Novice: 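The structure that follows is given in the form of structure tokens.
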Amino acid sequence: MSLKDLLDASTDNSLSGQKWQILRQSIIKRLLSTGNATIAELGSELQSSVPTVTKAVNELLAEGYVVDMGKITNSGGRRPSLYSINPTCAYFLGIEVGRTSMSIGLQNIKSEFVSLELGTSFILENTQESLLELCALINSFIEDSLVDKNMIIGACINLSGRINSMEGFSYNFFFSENRPLTEIISDQLGLPVRLENDTRAMAFGEYREGVVDGEQNIIYVNYSWGVAIGIITDGKLYYGKSGYSGEFGHSTILDNGILCQCGKLGCLETEISGWSLVNQFKEAIKEGKQSKIVLDENSSSLQHHAIIAGALNLEDNLCVELVSRQSEKMGRYLSIILNIFNPDLLVIGGDFSLLGDYTLLPIQSALKKYSLGLVNRDVKLKKSSLGRRAGVIGACCVVKEKMLSSLINN
Ligand SMILES: [Zn+2]
């Protein structure tokens with residue numbers, strides 16, 4: 001029996017059977033929400049006698065939902081045992097789908113990875129074949145993990161672009177008018193599925209497992225191939241009416257006449273993003289600037305990762321100059337976000353965050369220059385600590401939060 005079955009319903013419909021099941025569920029919910037406990041603590045919190053709780057805990061131990069953590073130390077008398085949820089009684093699957101690769105991880109209920117694959121080759125195309133290939137890769141990962149699929153509470157898949165998580169639709173990839181994408185993927189995987197915008201999941205991962213240290217109002221910047229922000233207010237993800245909040249990169253405030261990937265002219269991404277960095281690099285080479293990065297004949301394979309690596313590992317002048325210039329501009333436009341939100345913390349994540357000070361210092365100095373003094377003094381600026389794992393960790397955190405809390409609150 002999986003944790004989901006235990007929390008879902010009672011198999012015994014008699015009054016005493018239902019009461020017994022409710023007590024068992026309450027013990028599990030208590031251990032999940034506030035951590036380890038002794039029999040005496042469970043009895044007092046759940047208003048049940050010690051012999052009754054002992055019997056229920058023994059049953060849950062035998063079924064593998066609970067583990068005995070050993071005796072606790074106290075000032076005297078008989079030392080009671082401490083009980084914990086069994087980390088292997090439920091799992092969560094997180095999947096980050098990028099343009100040219102995907103990452104996937106399986107976490108146990110204590111948020112520990114039991115299996116993790118970063119950067120598996122996968123070309124994201126807006127076709128049925130691409131969707132089926134994605135599902136096949138996920139199924140094969142689950143099979144290789146040797147974890148029973150029935151023990152997986154659910155999966156969260158991060159995609160870029162407009163995602164309506166509440167209704168399960170993705171509008172930029174694999175859109176079907178007739179059926180939510182979550183249902184289509186769920187049929188392929190045999191698991192409950194949630195969709196999440198990639199930046200929002202990364203922001204939540206950073207909040208739960210990353211660089212956030214108690215702050216409750218956070219702006220997370222996904223500075224990668226595209227640019228977007230994830231917003232956390234009072235410790236909760238902000239979605240907006242339909243889940244399309246955070247499209248910072250598609251603010252059409254530049255008067256440069258450059259066509260953005262979204263089809264509009266002059267979006268921020270046309271000057272500040274991985275794809276615009278690639279264009280700026282090619283332009284500079286055309287103008288005769290020198291670089292240690294050698295372009296192939298048609299230069300079509302150049303990725304922003306190569307320019308970031310050029311700055312970081314080769315200290316290539318042109319690469320450093322381009323990323324610093326972009327990041328200074330990023331700081332300038334982020335000052336608008338600071339003035340509007342007055343957050344506790346601004347986290348720079350995404351591929352550009354791997355550059356460390358090459359990205360952070362220009363952003364910091366521009367924020368100082370362009371945002372209001374009082375607002376600027378309030379905010380801390382930090383680099384993401386999750387790096388390339390941010391998306392997968394975020395997806396696991398989202399699925400755990402959303403699916404487990406709905407079971408717990410039933
Ligand atoms: Zn745009």
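Counting starts at 1 for both ligands and their atoms, in listed order. Please read these numbers as outputs of a predicted model, since none were measured by experiment.
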Novice: Measure distances from the Zn ion (ligand 1) and count the protein N, O or S atoms below 2.8 Å.
Specialist: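 Count of protein N, O, S atoms less than 2.8 Å from the Zn ion (ligand 1): 4.
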Novice: In terms of ring plane angle, is the pair W225 and H304 parallel, tilted or perpendicular, where the classes change at 30° and 60°?
Specialist: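 It falls in the tilted class, 30° to 60°.
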Novice: Pairs in or reaching into residues 254-271: which pass side-chain hydrogen bond (donor to acceptor under 3.5 Å, both in side chains), with residues at least two apart or in two chains?
Specialist: N256-T270, N256-E271, E269-W275, E271-K329
Novice: I'd like to know if the side chain of E215 pairs up with that of Y207 as donor and acceptor (distance under 3.5 Å, no hydrogens or angles considered).
Specialist: no
Novice: Tabulate below the donor-acceptor pairs under 3.5 Å that side-chain atoms of residues 335-347 make, not counting sequence neighbours, or state none.
Specialist:
residue: S335; atom: OG; partner: R332; partner atom: O; Å: 2.4
residue: N339; atom: OD1; partner: L372; partner atom: N; Å: 3.2
residue: N342; atom: ND2; partner: D378; partner atom: OD2; Å: 3.3
residue: D344; atom: OD2; partner: Q216; partner atom: N; Å: 3.1
residue: D344; atom: OD2; partner: N217; partner atom: N; Å: 2.9

Novice: Between N86 and T88, is there a side-chain donor-acceptor contact under 3.5 Å, judged purely by atom types and distance?
Specialist: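 Present: a donor and an acceptor within the cut-off.
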Novice: Got a sec, which residues hit ring pair (Phe, Tyr, Trp, His ring centres under 6.0 Å) with H250, two or more places apart in sequence or on another chain?
Specialist: none
